[in-house]
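I have placed the structure first, in the form of structure tokens, so that the comments after it can refer back to it.
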Amino acid sequence: MSSPLGIFDSGYGGLTILDEIRRRLPEYDYLYLGDNARTPYGTRSFEVVYEYTRQAVLKLFEAGCPLIILACNTASAKALRTIQQKDLPLIDSQKRVLGVIRPTVESIGALTHTRHVGILGTPGTISSGSYPLEIQKLFPDITVIGEACPLWVPLVENGEHDKAGADYFVRQHLDAILEKDPAIDTLILGCTHYPLLIDKIKKYLPARIHVVSQGKYVAASLADYLSRHPEIKQRCSTGGSCRFLTTESEDKFATMASVFLQGSLRVERINWE
Ligand code: DGL
């Protein structure tokens with residue numbers, strides 16, 4: 001029995017990851033869950049992010065998903081480890097949940113020349129210290145500076161990311177992080193919502209700075225994972241389909257998701273019981 005790969009985010013941001021994964025692995029079926037009713041997660045406590053993420057994981061497992069990608073840095077930073085270590089052995093030790101931080105960190109060693117890297121993320125991701133911790137493990141010579149951008153996710157969730165008013169908030173944090181460390185040559189968009197702001201981000205950055213959008217690294221890492229784990233791969237159904245679950249309005253979700261994905265979208269609203 002095979003089932004779709006699950007992709008989870010607090011809202012629309014994970015669509016930037018889904019898009020890259022589907023480009024890389026178009027043959028699989030996907031089931032995306034956006035917890036739009038409770039977004040943003042980035043300003044919430046460890047306990048709340050863990051509980052919400054655990055509920056989402058259970059929902060996607062109930063739908064049969066053998067493997068779930070937490071396409072959300074906040075959930076990856078605050079909930080992934082506990083879910084992997086504490087919950088999975090009790091729920092189903094044959095299922096897997098993976099995050100987005102590790103694949104992103106693996107990519108930066110080859111990108112930075114100055115060895116000064118900046119992370120832009122939600123307050124939750126930045127305060128968790130997950131990025132510096134992971135980077136330290138793989139590249140101890142790299143200096144890491146973080147900057148929390150609390151309003152960037154609400155800008156995206158409310159469809160304001162491409163409006164002129166967003167420029168002020170984008171520039172504010174770019175100036176702040178470069179002031180903290182002018183030697184930064186690589187800037188990680190450590191939130192899956194941020195690629196929607198990439199045009200504005202690039203507009204206010206010196207051209208010498210490399211902006212890292214996570215999607216393609218997460219997609220490459222997933223492809224590698226599936227090739228190394230045939231027991232999981234054979235449980236992922238192939239058919240090229242994509243279905244969407246949202247905890248908010250189906251229509252709103254379909255409109256927003258169509259920015260990323262072509263064709264008509266199958267969106268279903270779910271409730272947390
Ligand atoms: N897309 C999530 C992330 O990557 C977002 C966050 C939120 O809900 O605040 O962190």
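Whatever order the structure lists ligands and atoms in, that order sets their numbers, starting from 1.
- Scanning all protein heavy atoms for the shortest distance to atom 9 (O) of ligand 1 gives Gly42 N, 2.7 Å.
- For atom 7 (C) of ligand 1, the closest heavy atom belonging to the protein is Tyr41 N, 3.2 Å.
- Looking at Asp9 against ligand 1, only its side chain comes within 4.0 Å, counting heavy atoms.
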Could you please spell out the steps behind the side-chain contact (heavy atoms from CB on, under 4.5 Å) verdict for Tyr131 and Thr104?
CA-CA 9 Å; Tyr131 269 99; Thr104 309; 4.1 Å; yes
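- Less than 6.0 angstrom separates the ring centroid of Tyr12 from the ring centroid of Phe253.
- Taking every non-hydrogen atom of Thr122 and a distance limit under 4.0 Å, the qualifying atoms of ligand 1 come out as 6 (C), 9 (O), 10 (O).
- The atoms of ligand 1 that sit less than 4.0 Å from any heavy atom of Thr39 are 8 (O).
- Of all the heavy atoms of Thr192, the ones lying under 4.0 Å from any atom of ligand 1 are found in both the backbone and the side chain.
- Annotation: atom 3 (C) of ligand 1 to nearest protein heavy atom, Asn73 N, 3.2 Å.
- Under 4.0 Å is where a charged nitrogen must lie from a carboxylate oxygen, and between Lys59 and Glu268 no such pair does.
- When side chains are defined from C-beta on, Glu51 does not count as touching Val48, because their heavy atoms never get closer than 4.5 Å.
- Counting heavy atoms under 4.0 Å from ligand 1, residue Ser10 touches it through the side chain alone.
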Take Ile135 and Ile119, measure what side-chain contact (heavy atoms from CB on, under 4.5 Å) needs, and give me the verdict at the end.
CA-CA 11 Å; Ile135 291 173; Ile119 317 290; 4.0 Å; yes
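- Listed by number with element, the atoms of ligand 1 under 4.0 angstrom from any heavy atom of Cys191 are 1 (N), 2 (C), 3 (C), 4 (O), 5 (C), 10 (O).
- Counting heavy atoms closer than 4.0 Å to ligand 1, residue Thr74 contributes atoms from both its backbone and its side chain.
- The pair Asp19-Arg23 meets the salt-bridge criterion, with a side-chain N (NZ, NE, NH1 or NH2) lying under 4.0 Å from an Asp/Glu carboxylate O.
- With respect to Arg235 and Glu231, no salt bridge is recorded, no charged nitrogen being found less than 4.0 Å from a carboxylate O.
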